[in-house]
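In what follows, a single structure is set out as structure tokens and then discussed.
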Amino acid sequence: MDSYSYSFTEYADKVSVYNRSDADYVRGENPYILERGQLWHRAQTTSALSTALRSCPDGHSVLVELVPEPENPFDPTVVAVDFRDSTVGYLGPTFAAYWHPVILALNATGRHALAYGVIGNEGDTPSGLPSVILDLPQWEGWDSVAADADYDNGFDALWANLSEISRAVLLETYGSNISAEVYDELRSNAHLMPNYRWNGDRHAVPFPIVHAIRQEANREKVIRRKQREQAKQDKLDERIARRQRAYELRTAGMTFTAIAKELGVSNPTASTLYREYVAEAEK
């Protein structure tokens with residue numbers, strides 16, 4: 001079922017029909033608290049679920065538990081937000097698609113996932129109900145949590161299986177507004193990331209895959225920036241070395257014509273290199 005298309009309250013209404021039993025959730029003994037990154041995400045809620053929050057003042061800090069519900073018949077990627085042993089909301093389906101398998105992996109290693117948040121009773125509340133506004137890690141920190149959980153989402157295998165052209169397009173577009181050809185190639189490799197559902201929209205790539213593409217693009221940008229910086233430094237180092245060599249040769253009595261030939265530059269450049277060295281030495 002395509003849970004991505006539901007509104008803020010409609011999604012929570014539908015997934016909250018499911019009554020999670022104790023057997024459906026094996027709570028790991030050790031807490032794993034997500035780092036605060038001020039990436040704010042308002043948990044989706046209903047009038048009934050928000051009852052437990054109504055006694056909390058607006059802006060009240062809370063620590064909530066994130067509980068995956070793989071047995072939820074409406075959406076098996078649901079992540080409930082529990083506060084004081086009661087479910088008070090759910091991650092939005094887009095975020096849940098990423099966090100659900102990661103939290104399951106944490107649970108499998110004996111840990112339960114906790115997140116900081118604040119109570120939102122006022123302001124921009126889509127439902128008009130009090131809800132938990134989660135303080136999640138910044139985007140680049142999400143994969144660190146997955147690594148801590150020893151969870152491999154399969155993206156590296158999928159990425160390696162794509163054509164060079166498709167990878168270039170995806171790095172440029174971050175996985176949005178892609179052509180049918182690139183989409184079809186991604187979809188044909190979907191089995192390499194089996195935990196994520198494609199919602200049927202022709203060019204809609206599942207959010208966890210889009211997130212992985214964005215992180216890959218960011219890594220590529222960092223690599224390219226470092227390469228540019230290194231190339232710039234290498235060029236500067238080369239010029240400094242040429243300045244010193246021009247000075248040494250000129251001091252040894254060579255003409256600028258001879259120096260230019262020795263360094264493989266023009267006569268004016270040989271003279272400039274010498275003068276730059278002298279100017280720098282006089283500072």
Side-chain angles (χ1 to χ4, degrees), residues 1 3-4 6 8-37 39-54 56 60-120 127 129-137 141-142 144-151 153 195-197 206-208 211:
M1 185 172 291
S3 61
Y4 290 80
Y6 287 90
F8 186 92
T9 54
E10 187 178 8
Y11 177 78
D13 282 334
K14 290 182 179 297
V15 297
S16 63
V17 172
Y18 170 70
N19 292 315
R20 185 177 73 235
S21 68
D22 292 340
D24 290 340
Y25 175 54
V26 180
R27 188 176 191 267
E29 180 181 356
N30 301 309
Y32 183 97
I33 303 177
L34 299 183
E35 180 182 353
R36 295 184 181 192
L39 196 163
W40 302 101
H41 178 71
R42 187 181 292 273
Q44 302 189 11
T45 191
T46 67
S47 179
L49 294 176
S50 66
T51 300
L53 302 176
R54 290 173 186 169
C56 299
H60 178 70
S61 296
V62 293
L63 185 64
V64 298
E65 184 169 358
L66 303 180
V67 181
E69 293 185 347
E71 303 302 321
N72 194 306
F74 174 73
D75 182 356
T77 67
V78 163
V79 176
V81 177
D82 283 15
F83 176 60
R84 295 174 180 171
D85 297 321
S86 297
T87 296
V88 295
Y90 299 89
L91 293 188
T94 301
F95 275 32
Y98 178 91
W99 284 107
H100 185 273
V102 174
I103 297 171
L104 280 178
L106 284 171
N107 296 159
T109 57
R111 294 171 287 181
H112 58 278
L114 302 175
Y116 290 104
V118 296
I119 303 300
S127 63
L129 301 169
S131 59
V132 176
I133 307 172
L134 295 161
D135 186 355
L136 297 176
W142 288 25
S144 296
V145 180
D148 288 345
D150 197 23
Y151 172 69
N153 64 7
N195 288 328
Y196 307 123
R197 297 181 302 151
F207 171 74
H211 170 74

Original post:
Taking it one step at a time, do Val17 and Phe74 satisfy side chain to side chain contact (heavy atoms under 4.5 Å, CB included)?
Top reply: CA-CA 9 Å; Val17 172; Phe74 174 73; over 6 Å; no
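- To the nearest 0.5 Å, the span separating OG on Ser47 from CZ on Arg54 amounts to 4.5 Å.
- Between the side chain of His41 and the backbone N or O of Leu91 there is no donor-acceptor pair closer than 3.5 Å.
- One finds the CG atom of Asn107 at 4.5 Å from the OH atom of Tyr25 (value rounded to the nearest 0.5 Å).
- Listed here is the closest heavy atom pair of Gly37 and Asp135: N-OD1, 3.3 Å.
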**OP:** Please lay out, stage by stage, how Asp82 and Arg27 fare under the test salt bridge (Lys or Arg N to Asp or Glu O under 4.0 Å).
**Re:** CA-CA 12 Å; Asp82 283 15; Arg27 188 176 191 267; over 6 Å; no
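- Nearest heavy-atom pair across Ala80 and Glu69 is CB-OE2, 3.7 Å.
- The distance from the CG atom of Leu34 to the OG atom of Ser144 is 11.5 Å, given to the nearest 0.5 Å.
- Contact check for Pro73 versus Tyr18: side-chain heavy atoms found under the 4.5 Å cut-off.
- Summarising the local packing, CG of Asn19 is surrounded by 12 or fewer heavy atoms from other residues, nucleotides or ligands at distances under 6.0 Å.
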**OP:** Please report the C-alpha distance between Phe95 and Leu136 in whole Å, then the side-chain angles of each, then the deciding distance to 0.1 Å, and finally whether the side chain to side chain contact (heavy atoms under 4.5 Å, CB included) criterion is met.
**Re:** CA-CA 10 Å; Phe95 275 32; Leu136 297 176; 3.7 Å; yes
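- What you find for Gln44 and Pro93 is that their closest heavy atoms are NE2-CD, 3.6 Å.
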Subject >> Worked verdict on Asp75 versus Tyr11 for side chain to side chain contact (heavy atoms under 4.5 Å, CB included) >> reply: CA-CA 10 Å; Asp75 182 356; Tyr11 177 78; 3.1 Å; yes
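- Considering NE2 of His112 and CD of Glu29, their distance stands at 9.5 Å, rounded to 0.5 Å.
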Subject >> Audit row: Asn195, Tyr151, side-chain hydrogen bond (donor to acceptor under 3.5 Å, both in side chains) steps and yes/no >> reply: CA-CA 11 Å; Asn195 288 328; Tyr151 172 69; 2.9 Å; yes
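- Residues Ile133 and Gly120 approach most closely at CD1-CA, 4.0 Å, considering heavy atoms.
- Taking the six-membered ring where tryptophan is involved, the planes of Trp99 and Trp142 are tilted, since the angle between them lies from 30° to 60°.
- In this structure, Val118 and Val62 approach most closely via the heavy-atom pair N-CG2, 4.2 Å.
- Annotation for Ala52 and Val88: closest pair CB-CG1, 4.0 Å, computed over non-hydrogen atoms.
- For the pair Pro31/Glu65, no side-chain contact is recorded, criterion being any heavy-atom separation below 4.5 Å from C-beta on.
- Here the CD1 atom belonging to Ile103 is positioned 10.5 Å from the OH atom belonging to Tyr98, to the nearest 0.5 angstrom.
- Rounded to the nearest 0.5 Å, atoms CD1 (Ile119) and CZ (Phe83) are 5.5 Å apart.
- Without hydrogens or angle criteria, Ser50 side chain to Leu53 main chain gives no donor-acceptor distance under 3.5 Å.
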